[in-house]
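To keep things clear, I will list the structure first and then write my remarks on it.
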2 protein chains.
Amino acid sequence: MALKHSKQRDAIYDFLKDRKDHPTADVIYEAVRKTEPNISLGTVYRNLSVLKETGMIRTVEVGDGAVHFDADVSNHNHFVCTECGCVEDIEMKSIDKVREIASENFDGKITGFNTYFYGLCSDCLEKSKV
Amino acid sequence: MALKHSKQRDAIYDFLKDRKDHPTADVIYEAVRKTEPNISLGTVYRNLSVLKETGMIRTVEVGDGAVHFDADVSNHNHFVCTECGCVEDIEMKSIDKVREIASENFDGKITGFNTYFYGLCSDCLEKSKV
DNA sequence: ACTAATAAAAGTAACAGTTATCGATATTGA
DNA sequence: TCAATATCGATAACTGTTACTTTTATTAGT
């Protein structure tokens, strides 16, 4: 019987799935509260970890202290703007090349990796030119 | 007059600089307490952030909740063992290749990146073969 | 449809890592 | 040596997250 249906979990996933940014748990909490006013923050955390375990979502940790969530579980990487802190998806053709390069000098077994790029997003880059 | 000398800061940096693992603040605190018994945890945190701002050390965030510190600020990446949780440096030749690949489809300016590899370290790989 | 079993809920307390505050101390330029 | 002030130790406060407890909702079997 393992996993039961819950409308709170649906609401969380529904909110997350049409998003391109990568909201944190409390942003999700505030948003979902609009349709589920009685939802508890604990419920949000619990369901986010359930959704992660079942592979419906993934986490993105950009080093700002909080965990971000992403319903796009396809193979992609992330860019963090050092100016405004925004997080964007970044496409990388031939990303597997990275694993190859890394494996050259490593004795263990590399099963995966996450790359976080940083710099200026296109908006901040534009502003810095003025 | 900006930055004054402090033996607490020296002790923290001295401890960190001969280390290849990447201790957390409280590991550093416990270690430095042996030579500076009265040092406060707040002092450790404060100095770690000062050392980071001055570029003497860098932070490594492997997703275990705590921030790790590394006195090796040269261009290198990190590997995290999914079995034992150890963190190792990983050398990457042709690292600039990665930036190139990433820049292909990105409008902003990429100034750097961190890659966190995960898998089995050589020790755990050895054990798993038995 | 009813019921029993139990997953999941809300609400709240607890926790870990970190940051901020404050009076006392140590370092430094004059 | 002295005044200015960065840093200190001690501790309180804050943030993100997890755990606990009682109540509610979902589901499988009749």
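Naming convention: chains lettered A, B, ... in sequence-line order (proteins, then strands); numbering from 1 in each chain. Predicted model, so just to flag it, every value in this text is computed and none were measured.
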| Is the side chain of B/S103 donor-acceptor paired with the backbone N or O of B/K109 at a distance under 3.5 Å, no angle test? |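 No, because the side chain of B/S103 does not come within donor-acceptor range (under 3.5 Å) of the backbone of B/K109.
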| Would you find a donor on one side and an acceptor on the other, under 3.5 Å apart, between the side chain of B/T24 and the backbone of B/H68? |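 No: the side chain of B/T24 does not pair with the backbone of B/H68.
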| said: Test of understanding: clusters of I, L, V, M, F, W, Y form through side-chain heavy atoms closer than 4.5 Å, transitively. Do A/V87 and A/Y118 belong to the same one? | reply: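 Different clusters: A/V87 never reaches A/Y118 through Ile, Leu, Val, Met, Phe, Trp or Tyr contacts under 4.5 Å.
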| query | For the hydrophobic clusters of this structure (ILVMFWY residues joined by side-chain heavy atoms under 4.5 Å, transitively), does one cluster hold both A/F113 and B/F113? | reply |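 The answer is yes; both residues are in one hydrophobic cluster.
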| field | 5' priority, DNA chain C, between B/S6 and B/V67 [closest heavy atom] | value |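 Upstream on the strand: B/V67.
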| message | Just the rounded figure in Å: distance from P of C/dA9 to NZ of A/K7. | response |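 The distance from NZ of A/K7 to P of C/dA9 comes to 10 Å, rounded to the nearest Å.
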| message | Nearest whole Å is fine: how far is D/dT17 P from B/D64 CG? | response |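 Roughly 13 Å, once rounded to whole Å.
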| said: Could you go through B/D10 and B/H5, starting from their C-alpha distance and side-chain angles, then the distance that decides it, and tell me whether this counts as side-chain hydrogen bond (donor to acceptor under 3.5 Å, both in side chains)? | reply: CA-CA 8 Å; B/D10 284 353; B/H5 183 252; 2.6 Å; yes
| query | Between A/H76 and A/I90, what is the shortest heavy-atom contact and its length? | reply |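 Answer, listing the atom of A/H76 first, then A/I90: CB-O, 4.1 Å.
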| query | How about B/H78 and B/N114: does a side-chain donor come under 3.5 Å of a side-chain acceptor? | reply |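 Distance-only check fails for B/H78 and B/N114.
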| field | Distance test, side-chain N/O of A/Q8 to OP1/OP2 of D/dA25, below 4.0 Å | value |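 No, no such contact exists.
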| message | Below 4.0 angstrom, which residues in residues 32-59 of chain A have at least one non-hydrogen atom near DNA chain D? | response |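 The stretch gives A/L41, A/Y45 as the residues lying under 4.0 Å from the strand, ordered by number.
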| field | Side chain of B/K4 (C-beta onward), nearest among D/dT17, C/dG17, D/dT7 | value |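 The nucleotide sitting nearest to the side chain is D/dT7.
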| query | Which nucleotide sits closest to the side chain of A/R9: D/dT26, C/dA26, C/dA8? | reply |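 Nearest to the side-chain atoms of A/R9, counting from C-beta on, is C/dA8.
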| Base-paired stems in DNA chain D, each at least three Watson-Crick or G-U pairs under 3.5 Å |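 Counting only runs of 3 or more consecutive pairs, the stems involving DNA chain D are C:1-30 with D:1-30.
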| query | Distance from B/E36 atom CD to B/F15 atom CZ, nearest 0.5 Å? | reply |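 So the gap between those two atoms works out to 13.5 Å.
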